There are 2 protein chains.
Amino acid sequence: VATSDLPVGGFSLANLPFGVVRPRLGEPRVVVRVGDAVLDLAAAGIAPELTSRPTANALFAARSWSEVRRRAQDLLADRGGAAPLLDLADVEVLLPIDVGDFVDFYSSIDHATNLGRILRPGSEPLLANWRRLPVGYHGRASSVVVSGTPIARPEGLITCDDGRVALRPTGALDFELEVGWIVGGPPATRLQPDHADRHVVGAVLLNDWSARDIQSFEYQPLGPNLAKSFATSISPWIVTLDALRPFLVAPPEQDPPPDPYLRARRPWAVDLDLQVELNATTITRTNFAAMYWSFAQQLAHTTVNGATTRAGDLLGSGTVSGPTPGERGSMIELTWRGAEPLTLAGGATRSFLEDGDTVTMRGWCGDASVQRPLISFGEVSGTIMPAPPRRRPESTGRRS
Amino acid sequence: VATSDLPVGGFSLANLPFGVVRPRLGEPRVVVRVGDAVLDLAAAGIAPELTSRPTANALFAARSWSEVRRRAQDLLADRGGAAPLLDLADVEVLLPIDVGDFVDFYSSIDHATNLGRILRPGSEPLLANWRRLPVGYHGRASSVVVSGTPIARPEGLITCDDGRVALRPTGALDFELEVGWIVGGPPATRLQPDHADRHVVGAVLLNDWSARDIQSFEYQPLGPNLAKSFATSISPWIVTLDALRPFLVAPPEQDPPPDPYLRARRPWAVDLDLQVELNATTITRTNFAAMYWSFAQQLAHTTVNGATTRAGDLLGSGTVSGPTPGERGSMIELTWRGAEPLTLAGGATRSFLEDGDTVTMRGWCGDASVQRPLISFGEVSGTIMPAPPRRRPESTGRRS
């Protein structure tokens, strides 16, 4: 497919990501995005039994995503404007999948090292397991929301300044810049990293909102729970591995070499530029290629114990941070837990996120050359709302 | 409803738990169990739009469970054998729900104290957060299986005797005796403990299979992952809160008094007898009433940060252990991490589970008096299979 006379701006036919939209009249349906429009796949006669649905799960489970995307490419290249396109301005963009299990990792060595230095100063920043396996935990699937959803400041038990532990709105609300990988295909287990493209549809941008003070108090010994479970935002367009193929690159050397079940011969790192804006200021610019553990290794790890995949499972990369201060993917790193507040355009400063703040993450591959067509991930954005007022609990004071 | 002339054995009309079965001919459907039969709700004309489905999620989402069960009770009390009953021997008993989010807690003070003593000898067994909030984490929803499903011994990275870290079948396979609570109703958040019965349908027995050696290596700092994610077994019959109402009792005193969002005036502990059999030997007998944190508090905690419920969410109680050695709900406690192996009937000994072992958990309330009719949970059972042979990874030795 030639890209020269097709929509530009990262959503050309070389990209053609999947999403789900609700037209003004009609039911939600699975589409591909092309420029500032979407192709109604069912109306185009492309796998209507799988695409006239409110989520892409059935399409992904049937392992039809590559063929459906190719047919959409052919149709758009051939018929162009005669295809059943809907203007993006005329549709509501929805969460594209019913999220199965959401496993969130911790796979950037710079992020894990920064967190180790901040939280355990004076000791070895990386724990003994970190270089041996992709450390991860299960997040809350029903809290995954689509870009644009407002984020209410969560409450949780926090150690207050006077040492008391009480329910308070978090005072350390943070974002985490991540990439999320969407699983497809029939249930599968004990997967090899080099088979990842049979089981992964593609990727979205992911903001793993985090409340650091809630996390500090709750996380021993079973890991984060309320500090993360209130919301996770994803971008609405699932950029396929088929589109990302020109940007798959060799990952960094791993030392020590991983156990055989985690070894790959094919390149599974992605040359993907990422940036974060806080209100009007770009505060982070980094690249995804330096991640220590790849999504292919994360998938192999998740299933090595016999756990099975489901179409719609989501693998979070973990916070993407690079080695320099301008490449840090979270506020706790950027401000070194508040010790070095950020100064934004206009002079305001931030240690953590304040009510009304908007965090926007963007990602793209390529430089619009023929070999490296621009592939946009679009954005994942969210604005912080105040914590809702508390109802007076009916039981206050009666049992204590 | 009089119970005297109705099926006995814990599945009388006073119980009437929900489940899902597949008849020899026909599609899976939602039923209630009565004696050794099930009532085909759709065939009986009871909410067929909600009960002629392969899971109970829609019925529970519609908050129709109490009414549907009452109608089934009336029909069975009135028509008895003329109702559309299927013999249990003629149906396949399936997983009753599509599990939404699975949050597993750690709410027995005796279990948490035992684990603290075993894993951190010499220090305070309970961490600072334990008495302030119900510690919990998200488990893998797609690994929840119904009683009877064989459990393959999982592999994972383990520190071997020679100090090397390598992929091995677990040598420390364990069970955890738990009770699982099933959520119903429309999505809801910031719930008060005393409203729990609006949002919880009922309970099942739950075996949270665990691989202690995998857990030791992986769990810092984000909690257990592969050590738990390979399988969680539940009993197939959802015993309703309506049936459990005569057995709700006051929970133990909590010290310190919990934060107001966790306070309850109504009694949410359950006088529920539990036992565990390993092969032919009963190795644990305990009761659920002593749990420090109730499911009502767990539900309030899970949603206090704005996270919403979904019908089909599962809350695991955490391992149920009592204060005496015969009341311990896991092998790691019963054998004090292998230091005091169990002797089974016939003389065999066990530190952890071996291939071919069968673990069966049973639970019941009441003593078959009129005030306290016998309410059976049935059983959750699973037999350990050897770890599957490993394929030789395609990539062995190529990148290291």
Side-chain angles (χ1 to χ4, degrees), chain A residues 100-101 103 106 127 129 132-133 135-143 152 154-157 165-167 190 192-194 211 214 217-226 229-231 257 259-261 263-265 301-302 304-308 310 313 388 391 393-400, chain B residues 100-101 103 106 127 129 132-133 135-143 152 154-157 165-167 190 192-194 211 214 217-226 229-231 257-261 263-265 301-302 304-308 310 313 388 391 393-396 398-400:
Chain A
D101 277 297
V103 185
Y106 188 57
L127 297 179
N129 57 16
R132 307 307 295 254
L133 57 82
V135 171
Y137 70 102
H138 282 70
R140 188 167 183 85
S142 70
S143 292
E155 292 189 298
L157 287 186
V165 173
L167 186 71
R190 299 188 179 83
Q192 299 180 38
D194 281 332
I214 297 174
F217 186 67
E218 75 174 358
Y219 88 106
Q220 292 280 15
L222 298 184
N225 184 10
L226 298 193
S229 68
F230 58 100
D259 190 273
Y261 85 91
R263 287 183 204 163
R265 287 152 64 182
H301 184 65
T302 299
V304 72
N305 67 348
T308 55
R310 267 192 304 185
D313 282 351
R391 290 172 306 196
E394 295 170 20
S395 52
T396 302
R398 301 294 180 96
R399 274 196 65 231
S400 65
Chain B
D101 278 296
V103 184
Y106 188 55
L127 297 178
N129 57 16
R132 308 306 296 253
L133 56 83
V135 170
Y137 71 101
H138 282 70
R140 189 166 183 84
S142 70
S143 293
E155 292 189 298
L157 287 185
V165 172
L167 186 70
R190 297 186 182 85
Q192 300 180 37
D194 280 331
I214 297 174
F217 186 67
E218 76 174 358
Y219 87 105
Q220 291 279 15
L222 299 183
N225 184 10
L226 298 193
S229 68
F230 57 99
D259 190 272
Y261 84 92
R263 288 183 204 164
R265 285 154 63 183
H301 185 66
T302 298
V304 71
N305 67 349
T308 55
R310 266 191 304 184
D313 283 351
R391 291 171 308 196
E394 295 170 20
S395 53
T396 302
R398 301 295 180 94
R399 274 195 66 230
S400 66

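By convention in this document, chain letters (A, B, ...) are assigned in the order of the sequence lines, proteins followed by strands, and residues within each chain are numbered from 1. Hydrogens, waters and symmetry mates play no part in the numbers below; they use all other heavy atoms, side chains included. Everything numeric here is computed off the predicted structure, so don't read it as measured data.
One finds the CG atom of B/L222 at 11.5 Å from the CG atom of A/L222 (value rounded to the nearest 0.5 Å).
Per-residue counts of heavy-atom pairs under 4.5 Å with chain B were compared for A/T302, A/D101, A/N225; the largest is that of A/D101. Your options are B/A166, B/S143, B/A307, and the one with the most heavy-atom pairs under 4.5 Å with chain A is B/A307. Looking only at heavy-atom pairs under 4.5 Å with chain A, the residue among B/I214, B/V304, B/V103 that has the most is B/V304. Among the candidates A/G100, A/A152, A/A211, A/P224, the residue making the largest number of heavy-atom pairs closer than 4.5 Å to chain B is A/P224.
Taking A/S229 as the reference, B/N305 meet the side chain to side chain donor-acceptor pair (under 3.5 Å) condition, with sequence neighbours excluded. Listed by chain and number, the residues in a side chain to side chain contact (heavy atoms under 4.5 Å, CB included) with A/F217 are A/L157, A/T159, A/V165, B/N129, B/R132, B/L133 (sequence neighbours excluded).
The contact between B/L127 and chain A is made entirely by side chain atoms (from C-beta outward), counting heavy-atom distances below 4.5 Å. Both the backbone and the side chain of A/L226 come within contact range of chain B, with heavy atoms under 4.5 Å apart.
Considering all non-hydrogen atoms of both residues, A/P221 and B/Y106 come closest at CG-CE2, 4.3 Å.
Inter-residue side-chain proximity for B/V135 and A/E218 is flagged as unmet; no heavy-atom pair is nearer than 4.5 Å.
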